[in-house]
2 protein chains.
Amino acid sequence: MAARTPPGQTRRQVLRFMRERLIAGRPPTVREVQEAFKFRSVQSAREHLEILVEEGKLTKEPGVSRGYRLPGPPLIPPFAPVPLLGQVQAGALTEAIEDPDGGYIGVQSAGSNDDIFALKVTGESMIDAGILPGDVVIVRCQPTADSGDIVVALVDGEATVKLLKKRRQRVELHPANPAFEPIVPAPGDLSLLGKVIEVRRYLEK
Amino acid sequence: MAARTPPGQTRRQVLRFMRERLIAGRPPTVREVQEAFKFRSVQSAREHLEILVEEGKLTKEPGVSRGYRLPGPPLIPPFAPVPLLGQVQAGALTEAIEDPDGGYIGVQSAGSNDDIFALKVTGESMIDAGILPGDVVIVRCQPTADSGDIVVALVDGEATVKLLKKRRQRVELHPANPAFEPIVPAPGDLSLLGKVIEVRRYLEK
DNA sequence: TTGAATACCAGACATTTGTATGGTATCCAA
DNA sequence: TTGGATACCATACAAATGTCTGGTATTCAA
């Protein structure tokens with residue numbers, strides 16, 4: 001028999017292990033849990049897992065392989081890597097996404113992540129909206145947006161973050177900083193990249 | 001025999017199906033693919049899958065159940081789930097972390113994620129630091145912090161986000177909003193939970 | 001016309017994997 | 001002491017699942 005551990009200690013680690021695997025999209029089998037914890041019996045792993053289910057820390061679909069899940073209802077969206085872009089020049093969006101200079105960061109999104117990218121913000125034009133220089137905005141590509149949305153658009157060949165406002169027949173790109181002027185593109189001349197769905201600020205590396 | 005479909009058409013849909021399931025963290029079995037496409041033979045599903053692997057559209061771990069994977073970008077950053085807390089009462093931090101009411105969010109961190117949690121911000125006291133109500137701050141637990149760090153501390157039995165400033169012999173908790181007053185705890189009476197290492201704002205569900 | 005390529009089917013087999021039953025050892029409280 | 005609770009082990013069985021062999025029908029190009 002293996003060393004007996006204090007009550008609950010191994011179980012906490014099993015839960016951690018499960019969370020990592022499940023979030024990574026690779027639900028483990030009971031025997032993989034056994035392996036990971038060097039149990040000499042499958043049943044040891046199974047007992048921990050079943051107890052975690054009873055405690056509500058996990059759920060499972062009985063009978064199906066790799067059937068343990070993280071409990072909802074707050075459905076935990078999966079992570080997927082999205083490209084982090086630095087500077088984006090006009091027209092070069094596709095290539096920039098293919099080979100991002102900033103690497104990838106993880107985003108949780110309900111739908112597909114194919115049309116999502118991240119962009120590092122330069123400039124202080126959105127400071128009153130709580131978007132500071134160096135912040136990262138996460139953008140879902142879409143050709144249109146609603147009034148009031150924070151969007152990323154190409155202005156003078158560069159990607160900028162602005163507040164979109166619809167006025168009568170035209171759209172305007174408003175900064176959130178009194179020191180900057182609104183941008184009013186000619187009708188039909190707005191190249192919208194997408195809508196900002198998340199803002200992140202990394203304070204420490 | 002089922003209807004014969006044009007070349008490549010079914011396969012594209014199989015790939016779509018696989019992507020959805022894999023992104024959702026629930027890799028399907030061959031037979032689940034068979035079911036989804038109403039194949040009358042397992043082999044039909046398997047052939048599509050194997051061809052997708054040959055084409056590089058999928059990868060797989062042979063022999064393991066639910067072994068098909070997305071080919072990834074080469075380096076998938078290490079995500080780990082971190083508990084998202086709502087309101088934190090004094091002393092209840094440990095329990096709140098064990099059983100978070102906000103579920104989990106994914107964080108990429110250099111070190112261990114054991115001592116990291118996330119907290120939903122209420123109130124406008126940090127608005128000038130670009131932290132708005134509803135934002136999520138990600139916190140590394142640590143007993144001390146440097147002057148100038150944004151920290152989470154227990155004030156009147158509740159967790160609050162403030163800017164830490166060290167003045168001579170004492171520390172002060174400064175809001176980033178002129179409408180609020182600094183908090184000056186009695187010396188040695190500061191219960192620091194940790195330091196804010198990241199800020200997030202979710203603009204869209 | 002022939003043969004290769006594609007899409008699919010049928011049935012079987014072997015491995016992986018979930019599940020069950022019963023056992024040993026340690027701790028702790030009544 | 002006694003009994004329960006906890007942690008772990010050994011082994012077996014059945015269901016789920018990956019894999020294989022061989023087959024039919026359709027399309028298309030040589």
Side-chain angles (χ1 to χ4, degrees), chain A residues 1-22 24-71, chain B residues 1-18 20-22 24-71 98:
Chain A
M1 177 154 66
R4 181 197 176 82
T5 56
Q9 186 166 317
T10 303
R11 183 133 57 248
R12 249 192 305 278
Q13 294 180 348
V14 170
L15 180 56
R16 268 243 314 270
F17 175 81
M18 292 299 287
R19 279 177 182 152
E20 279 181 29
R21 291 290 304 261
L22 290 171
R26 292 179 34 260
T29 65
V30 180
R31 278 171 181 83
E32 282 171 0
V33 176
Q34 177 195 354
E35 270 293 308
F37 288 84
K38 301 293 175 215
F39 291 133
R40 286 193 249 177
S41 166
V42 213
Q43 188 59 7
S44 300
R46 226 178 88 82
E47 276 163 11
H48 283 296
L49 291 171
E50 290 301 322
I51 290 173
L52 286 169
V53 169
E54 271 177 36
E55 292 176 349
K57 307 285 181 58
L58 291 177
T59 63
K60 81 156 184 169
E61 310 176 36
V64 323
S65 72
R66 305 171 188 274
Y68 290 92
R69 304 278 179 266
L70 289 176
Chain B
M1 170 148 65
R4 180 196 176 84
T5 57
Q9 186 165 319
T10 303
R11 183 131 58 246
R12 247 192 308 277
Q13 294 180 348
V14 171
L15 180 57
R16 269 245 309 272
F17 175 81
M18 291 300 286
E20 275 179 32
R21 291 290 302 262
L22 290 172
R26 294 210 269 100
T29 65
V30 180
R31 277 172 182 82
E32 283 171 0
V33 176
Q34 176 196 355
E35 271 292 308
F37 287 86
K38 301 291 175 217
F39 292 133
R40 285 191 250 174
S41 165
V42 212
Q43 188 59 10
S44 301
R46 226 179 87 82
E47 276 163 11
H48 283 296
L49 292 171
E50 289 301 321
I51 290 172
L52 285 170
V53 169
E54 272 176 36
E55 293 175 348
K57 308 284 181 59
L58 291 177
T59 62
K60 84 155 181 167
E61 309 176 37
V64 322
S65 73
R66 304 172 189 273
Y68 291 92
R69 304 277 179 265
L70 289 176
E98 289 299 314

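Note that the structure is a prediction, hence the values are computed from the model and not measured. Throughout, protein chains are lettered first and strands after them, A, B, ... in sequence-line order, and every chain is numbered starting at 1.
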Using a heavy-atom cut-off of under 4.0 Å over every strand shown, decide if Thr29(A) touches base, sugar-phosphate, or nothing. sugar-phosphate
Rounding to an integer number of Å, can you tell me how far Arg46(A) CZ sits from dT17(C) P? 15 Å
For Ser65(A), does its backbone N or O pair with a side-chain atom of Arg66(B) as donor and acceptor, under 3.5 Å? yes
Can we call the ring centroids of Phe39(B) and His48(B) under 6.0 Å apart? yes
With the side chain of Glu50(A) defined as its heavy atoms from C-beta on, choose the nearest nucleotide among dT19(D), dT19(C), dC8(D). dT19(C)
When rounded to whole Å, the CD to P distance for the pair Glu47(B) and dC20(D) reads 12 Å
Between His48(B) and dT6(C), is there a side-chain N or O to OP1/OP2 distance below 4.0 Å? no
Check whether any side-chain nitrogen or oxygen of Arg11(A) sits under 4.0 Å from OP1 or OP2 of dA7(D), and answer yes or no. yes
Whole-Å distance between dT17(D) C1' and Arg31(A) CZ? 13 Å
Can you tell me the distance, in whole Å, between the CD atom of Gln34(A) and the P atom of dT19(C)? 15 Å
Which whole-number value in Å describes the distance from Glu54(A) CD to dT6(D) C1'? 14 Å
Write down the distance between CD (Gln43(B)) and C1' (dG22(D)), rounded to a whole number of angstrom. 11 Å
Of the listed dC20(D), dC9(C), dC8(D), the closest approach to the Arg40(B) side chain comes from dC9(C)
Terminal axes of the helix from dT1(C)-dA30(D) to dA30(C)-dT1(D) (five pairs each): angle between them, nearest 10 degrees: 10°
Does atom CD (Glu61(A)) have a neighbourhood of more than 12 heavy atoms from anything else shown, all under 6.0 Å? yes
Can you tell me whether the side chain of Ser41(B) and the base of dA10(C) have a donor-acceptor pair closer than 3.5 Å? yes
Would you call Arg46(B)-Glu50(B) a salt bridge at under 4.0 Å N-O? yes
Give me the residues of residues 60-67 of chain A where at least one heavy atom lies under 4.0 Å from an atom of DNA chain C, by number, or none. Lys60(A), Pro62(A), Gly63(A), Val64(A), Ser65(A), Arg66(A)
